[in-house]
Asks: 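Please find one structure pasted underneath; my questions will follow.
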Protein chains: 2
Amino acid sequence: MHDVAAAAGVSRGTVNRVLNGGYVSATARTAIEAAIAKVGYVPNTAARNLVRRRSQAIGFLAMEPHSLLLEDPNIGAIMLGANEVLSVADHQMVSLVVDSYRDTERVGRYLRGGFVDGAIIVSARAHDPITRLITQLRLPATFVGHPPDLHHSIPFVGIDNVGSARTITQRLLQTGRRRIGMIAAALDRDSGADRLTGFRQALGDRFDPSLVAEVPLYDYSNGVKGMRVLLDREPLLDGVFAASDAVAAGALEVLREAGRTVPGDVGIVGFDNSSWAMRTQPPLSTVHQPAREIGQNAAELVLNQVRGTEPAARSILLDTSVVWRDSA
Amino acid sequence: MHDVAAAAGVSRGTVNRVLNGGYVSATARTAIEAAIAKVGYVPNTAARNLVRRRSQAIGFLAMEPHSLLLEDPNIGAIMLGANEVLSVADHQMVSLVVDSYRDTERVGRYLRGGFVDGAIIVSARAHDPITRLITQLRLPATFVGHPPDLHHSIPFVGIDNVGSARTITQRLLQTGRRRIGMIAAALDRDSGADRLTGFRQALGDRFDPSLVAEVPLYDYSNGVKGMRVLLDREPLLDGVFAASDAVAAGALEVLREAGRTVPGDVGIVGFDNSSWAMRTQPPLSTVHQPAREIGQNAAELVLNQVRGTEPAARSILLDTSVVWRDSA
DNA sequence: GGTTGATGTGTGAACGTGCACACATTGGCA
DNA sequence: TGCCAATGTGTGCACGTTCACACATCAACC
């Protein structure tokens, strides 16, 4: 910047004003712009960050075990949705994978170090050290699917998992299924726990705890495991609510091996409306989750905090819709 | 830091030495450590970066159209592999999505701004502006699958696409297939073009250009399109090399609709050994691509450049293996 | 007892910006 | 003429570190 000022025959202050706005004469402006081009000047962001206490970057924290990150179809869409909004607002999205303890510590340093002005946190668990750190730092942040222990301190954006699960289970009932089981995954997250709650609400008196198979993750192989458990406990099962499409796909495979037809003998529904849903045989009835919009809303919520403009609603619940295909 | 020094009754220099190494007496060290804890001191990275001209961060640039980023099973694994190595080396991986022109410009500023010490670039195309920028900045970088126009300036890590495609096509020949077609995808990338080359080499004199269906992307829907073209051109087709597992999955669907049995009437092979391969009916024979190792090697190559220790080999080609399942 | 080397400590000058302030020049108006 | 507001420009300091250098102390050695 000093060189630019010298080349244009003005002071640093004037150069700064053409870059950041202020009173500048036309002659000075053209001279400086020429000098910038000639010198090949690019602002040094580290210096700018130092004095402005801003980085124009927002962290996207994916707190997933590695394996799941690869499988989860939502996380990518959420990420892209967030990037769209941040991009328009001229902020850089930087996504960080948090898995091991080593990651936690380093990401913590990264967040404290002023590399980002805010953070979007996907699938945090209860009592996560990163979560604690963010509240402690008062870093502008938004959760995607809030963790159970932080209901009010940080805004979140998500869907009504309880209601959606209730709705799709009810339609399973309406199509005449009577012995309905659930493969419940990821009960340590709000999404997993809420889907089970919705399932229970829909069944009411008919709810039978023995027809719930609990599995740790939302993936295909856990669908396989869960379905084996259910079939073992209740051979007469005629309906299944799988906590995700991937789980449903695994379940379908087991049903096929067991000689059950779908939707003839057993009706099955999933959750997510991911690419799985359209490619299983038969295609899955499922809950459409607006992943891209979730990302967009999360980004807006963070930006509002960064800018200091308080949003009207602190948290956002987006609508889902049921996609009715052939599996039930 | 000044506060810490005051609280411990020493100078900034001594505080700096306990943080970054140097001669410090035991008494001073304990006093400073106590002061750090009391004051709640965390180093300001912007200031540190400013003077050190280092950020301890490596950019991971995914230059994919949004849709593909979600579908590609390799990219996630490459990312995680890179993160492992960078994590151990105490560097932060920040991944940036580059899709629109707006992204390009902003990411360019990000790279120039000193936010990262190096970059890993996945699936760059020829004459990409970001690629040009990186060479221009002399930013330490590594390509995953080098773009055609930059053979020597920046190291890359990849697989031998030509050889792998040749090998798997040969085994298609060895199992007695005679009218073999290919669904060639993404010919604007080295990977896509090389796989076609390998296919041609394996067939030698028997190569028939009319049995190559060209499609733009490595995904399921392009597999559907490509297979329709092939069946239309050559109803007697008895072998197909699909440029990726997703493409093969789409092709399988079309074959099934057309009443062809696999592997009875038609043998089909894919590429990637992704999650698709194990879940199609029948499971796919395919080329295993060591995506995680690719990421690890890319990270090491970048770190070598950042540290100034020149690597023995500038670029790395990793071995693939053929996974023989039921589809051919 | 002076020289040497190892060990320990403090100080000032950068790094490249942004910002507050002081100052200069104009034109309009009473 | 004098005053004020609008427009333009330059200067010094601050942001929070790192690093080179100067300096202090102490033990060991010829």
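Keep in mind it's a predicted model, so treat the numbers as computed, not measured. Here is the naming used below: chain letters follow the sequence lines, and residue numbers restart at 1 for every chain.
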Asks: What residues form a side chain to side chain donor-acceptor pair (under 3.5 Å) with B:Ser191, not counting sequence neighbours?
Replies: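 Checked B:Ser191 against side chain to side chain donor-acceptor pair (under 3.5 Å); matches are B:Tyr218.
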Asks: Under 3.5 Å, which protein N or O atoms sit close to an N or O of nucleotides 11-13 of chain D? Give each pair with its distance.
Replies:
unit_1, atom_1, unit_2, atom_2, d
D:dG12, O6, A:Arg12, NH2, 2.8
D:dC13, N4, A:Arg12, NH2, 3.4

Asks: Applying side chain to side chain donor-acceptor pair (under 3.5 Å), can you list everything that pairs with A:Asn161, at least two apart in sequence or on another chain?
Replies: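 Here the qualifying residues are A:Arg195.
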Asks: So which atom in B:Val302 and which in B:Gly118 form the shortest heavy-atom distance, rounded to 0.1 Å?
Replies: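 Looks like CG1-CA, 4.1 Å.
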Asks: Measure the shortest side-chain to side-chain distance between A:Phe143 and A:Asp190 over non-hydrogen atoms and say whether it is less than 4.5 angstrom.
Replies: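 With C-beta onward as the side chain, the pair stays apart.
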Asks: Show the nearest heavy-atom pair for residues A:Pro155 and A:Leu301, with the distance to one decimal.
Replies: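 Looks like CB-CD2, 4.1 Å.
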Asks: With rounding to the nearest 0.5 angstrom, report the CD1 to CG distance, A:Ile78 to A:Asn297.
Replies: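 If I round to the nearest 0.5 Å, the distance is 11.5 Å.
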Asks: Using the side chain to side chain contact (heavy atoms under 4.5 Å, CB included) criterion, which residues pair with B:Arg48? Sequence neighbours excluded.
Replies: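 Per chain and number, B:Arg48 pairs via side chain to side chain contact (heavy atoms under 4.5 Å, CB included) with B:Asn20, B:Pro43, B:Arg52.
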Asks: Look at all strands and tell whether B:Asn20 reaches a base, only sugar-phosphate, or nothing, counting heavy atoms closer than 4.0 Å.
Replies: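 Sugar-phosphate contact only - B:Asn20 comes under 4.0 Å of backbone atoms but never of a base.
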Asks: Please report, rounded to the nearest Å, how far the P atom of D:dA14 is from the NE2 atom of B:His2.
Replies: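 Spelled out: NE2 on B:His2 to P on D:dA14 is 12 Å.
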Asks: Taking only residues at least two apart or on different chains, which pairs with a member in residues 21-31 of chain B satisfy side chain to side chain donor-acceptor pair (under 3.5 Å)?
Replies: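 Side chain to side chain donor-acceptor pair (under 3.5 Å) check on residues 21-31 of chain B returns B:Ser25-B:Thr27.
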Asks: Tell me the interatomic distance from A:Arg48, atom CZ, to D:dG16, atom P, rounded to whole angstroms.
Replies: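 Spelled out: CZ on A:Arg48 to P on D:dG16 is 18 Å.
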Asks: Grab the CG-C1' distance between A:Leu50 and D:dC15 for me, whole Å please.
Replies: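 Nearest whole value for this atom pair: 4 Å.
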Asks: Taking DNA chain C as the partner, which of residues 26-43 of chain A come within under 4.0 angstrom of it by heavy atom?
Replies: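 Under 4.0 Å from DNA chain C: A:Tyr41, A:Val42, A:Pro43.
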Asks: Sequence neighbours left out, what passes side chain to side chain donor-acceptor pair (under 3.5 Å) with B:Gln296? Give chain and number order.
Replies: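 Partners of B:Gln296 under the side chain to side chain donor-acceptor pair (under 3.5 Å) test: B:Glu84.
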Asks: Under 4.0 Å from OP1 or OP2 of D:dT9: is there any side-chain N or O of A:Ser25 that close?
Replies: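 The answer is yes; a side-chain N or O of A:Ser25 sits under 4.0 Å from OP1 or OP2.
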Asks: Between the opening five pairs and the closing five pairs of the helix from C:dG1-D:dC30 to C:dA30-D:dT1, how far apart are the helix axes, to 10°?
Replies: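 Overall, the helix from C:dG1-D:dC30 to C:dA30-D:dT1 bends by 60° from one end axis to the other.
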Asks: If you only use heavy atoms from C-beta on, which nucleotide in D:dT18, C:dG16, C:dG18 is closest to the side chain of B:Arg53?
Replies: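 In terms of side-chain proximity for B:Arg53, the closest of D:dT18, C:dG16, C:dG18 is C:dG16.
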Asks: Would you classify A:Met1 as touching base, sugar-phosphate or nothing, given that sugar-phosphate means primed atoms plus P, OP1 and OP2, and contacts are heavy atoms under 4.0 Å?
Replies: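 Result for A:Met1 = sugar-phosphate.
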Asks: In whole angstroms, how far is the C1' atom of C:dC15 from the CG atom of A:Asn49?
Replies: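 After rounding, the gap between these two atoms is 14 Å.
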Asks: Would you kindly give the CZ-to-P distance between A:Arg52 and C:dG18, to the nearest whole Å?
Replies: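 That distance rounds to 5 Å.
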Asks: Run the side chain to side chain contact (heavy atoms under 4.5 Å, CB included) test against B:Ser55 and tell me which residues pass, sequence neighbours left out.
Replies: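 A:Phe115, B:Asn49, B:Ala57, B:Asp117.
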Asks: Working to the nearest 0.5 angstrom, can you tell me the gap between B:Leu318 CG and B:Gln289 CD?
Replies: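 Spacing of CG (B:Leu318) from CD (B:Gln289) equals 9.5 Å.
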Asks: Do any N or O atoms of the protein come closer than 3.5 Å to N or O atoms of nucleotides 5-7 of chain C, and which pairs are they?
Replies:
unit_1, atom_1, unit_2, atom_2, d
C:dT7, OP2, B:Tyr23, OH, 3.1

Asks: Could you report the tightest heavy-atom contact between B:Pro140 and B:Val306, atom names first, then the distance?
Replies: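 B:Pro140 and B:Val306 have their closest heavy atoms at CB-CG2, 3.9 Å.
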Asks: Applying side chain to side chain donor-acceptor pair (under 3.5 Å), can you list everything that pairs with A:Asn44, at least two apart in sequence or on another chain?
Replies: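 Result, side chain to side chain donor-acceptor pair (under 3.5 Å) vs A:Asn44: none returned.
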Asks: Residues in salt bridge (Lys or Arg N to Asp or Glu O under 4.0 Å) with A:Arg106, at least two apart?
Replies: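 For A:Arg106 the salt bridge (Lys or Arg N to Asp or Glu O under 4.0 Å) partners, ignoring immediate neighbours, are A:Asp103.
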Asks: Would you mind reading off the distance between B:Gln56 atom CD and D:dT17 atom P, rounded to a whole angstrom?
Replies: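 So the two atoms are 16 Å apart, to the nearest Å.
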Asks: Base, sugar-phosphate, or nothing for B:Asn16, non-hydrogen atoms under 4.0 angstrom?
Replies: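 Base, at least one base atom sits under 4.0 Å.
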